[in-house]
Amino acid sequence: MRIAVTIFLTDETITPTRLARELEQRGFAGLYLPEHTHIPVERTTPYPAGGDLPREYGRTLDPFVALGQAAAVTRALGLGTGITLVAQHDPIDLAKQIATLDHLSGGRFTLGLGYGWNVEEAADHGVAWRERRESVRDRMGLMRALWSDEPTPYDGPYARVRASHAHPKPAQKPRGPVVGPRTLIGGAAGPKLFSHICEYADGWLPIGGRGLSETVPALRTAWAEAGREPSALQVVPYAVLPSAGKLAHYADLGIEEVVLQLPPAGESEVLSLLDEYSAYVTGASDTV
C-alpha cells in the first residue's frame, strides 16, 4: 500500500520544497494539495465539517506553483491535487498547466478534481452552481481534446476549442477513455458521481474514507457495467487520520493507496508528525 499525505500549505506553514524533500526521504508515495483561490468574507455557505471555517482556507498556496517547486526537488514523489476546482478555471489554461507539470515531473502528476462546496467562491468565478458538475465534465472533455496526440476540436455546452497544436502533452499515456494524467474524482458516493468516474476518470478520491465497505462494491459494479477493466479502478481514501486497523481494513478492500492528513503547521510540528506516520509507510508495505 502506498502512503501519501495532504496538507493545506499556506504562507504560514512548512514550505513545499522542505516538505517534499522530507517526504521522499522517508519513503512516502506522494503529496496532494488542495485549492481555494479566495474565501469571500460575506459567505452564507456553511463549512461542510461544521463550525467556523479554519484560517488556512483563505491562505492556501496555489497548488500548481507549489507542486512545481516540489517536483523540482524530488525524483519519485507523486504530485497531486486534492482537489482542483475545475469549474473555476479556464480549461485551456488549466490543460496547459496540468500538461506542463506532468511533463516536467516525468508523469508524476495526479489530477484530483472536484466540484466544490463554497457557493460564493464559485460565483466569483462565474460558476452557475447547479450546473457545476456538467461544467466540469465538459471542461474535462475539452482538456482531453488538447491532450490528444492529433489536433482535435471540441464543442460542448460550456467549453469549446478549435483543433489546435498544444504541447507539451502529459507524460502519462491514454488508458481506456482517459486521456491525460491519472485522474481521480472527489465527492460523496452516489450514482451520478460514480457515472462520471466511470466515464472519464481512473477512480475515486473519497474524503475521510468512511463507509467504503458499502460504497466500493457499488462503484465496482458501475465500473464493470461501463465496460471498464476491473483491475484498473483506483479508490484512494483522502485526508485520513490513520490507525493500523483502518489501513488494514482498506487493504482488505483492495485499496492500494491512502492519503493521510497533515496539519497546516510549521516545520517542526509537521516533521514530528511525519516521523509518526513513517511507521505506517513501513507497516503498509508489509501488508500489501
Within 6.0 Å of [atom1] in [X], more than 12 heavy atoms from elsewhere:
X	atom1	answer
R137	CZ	no
L61	CG	yes
D149	CG	no
R210	CZ	no

Of all the heavy-atom pairs spanning [X] and [Y], show the shortest one and how long it is.
X	Y	result
L23	G30	CD1-O, 4.4 Å
P34	T6	CD-OG1, 4.3 Å
G180	R175	O-NH1, 2.7 Å
Y32	A4	CE1-CB, 3.8 Å
V178	A201	CG2-O, 3.5 Å

Between the side chains of D275 and R26, is the shortest nitrogen-to-carboxylate-oxygen separation below 4.0 Å, so that they form an ion pair? yes
Ionic contact status for E56 with R59, cut-off 4.0 Å: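 Result for this pair is no, no salt bridge flagged.
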May I ask you to decide if the ring planes of Y57 and H36 are parallel, tilted or perpendicular, using 30° and 60° as cut-offs?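 Correct class here is tilted.
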Who pairs with Q88 by side chain to side chain contact (heavy atoms under 4.5 Å, CB included), at least two apart in sequence or on another chain?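 By the side chain to side chain contact (heavy atoms under 4.5 Å, CB included) rule, Q88 matches T37, L85, E121, A122, H125, V127.
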Within 45 degrees of the axis of the six-membered ring of W223 and under 6.0 Å from its centre: does R220 put its NZ or CZ there?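 Negative - R220 is either too far from the ring of W223 or too far off its axis.
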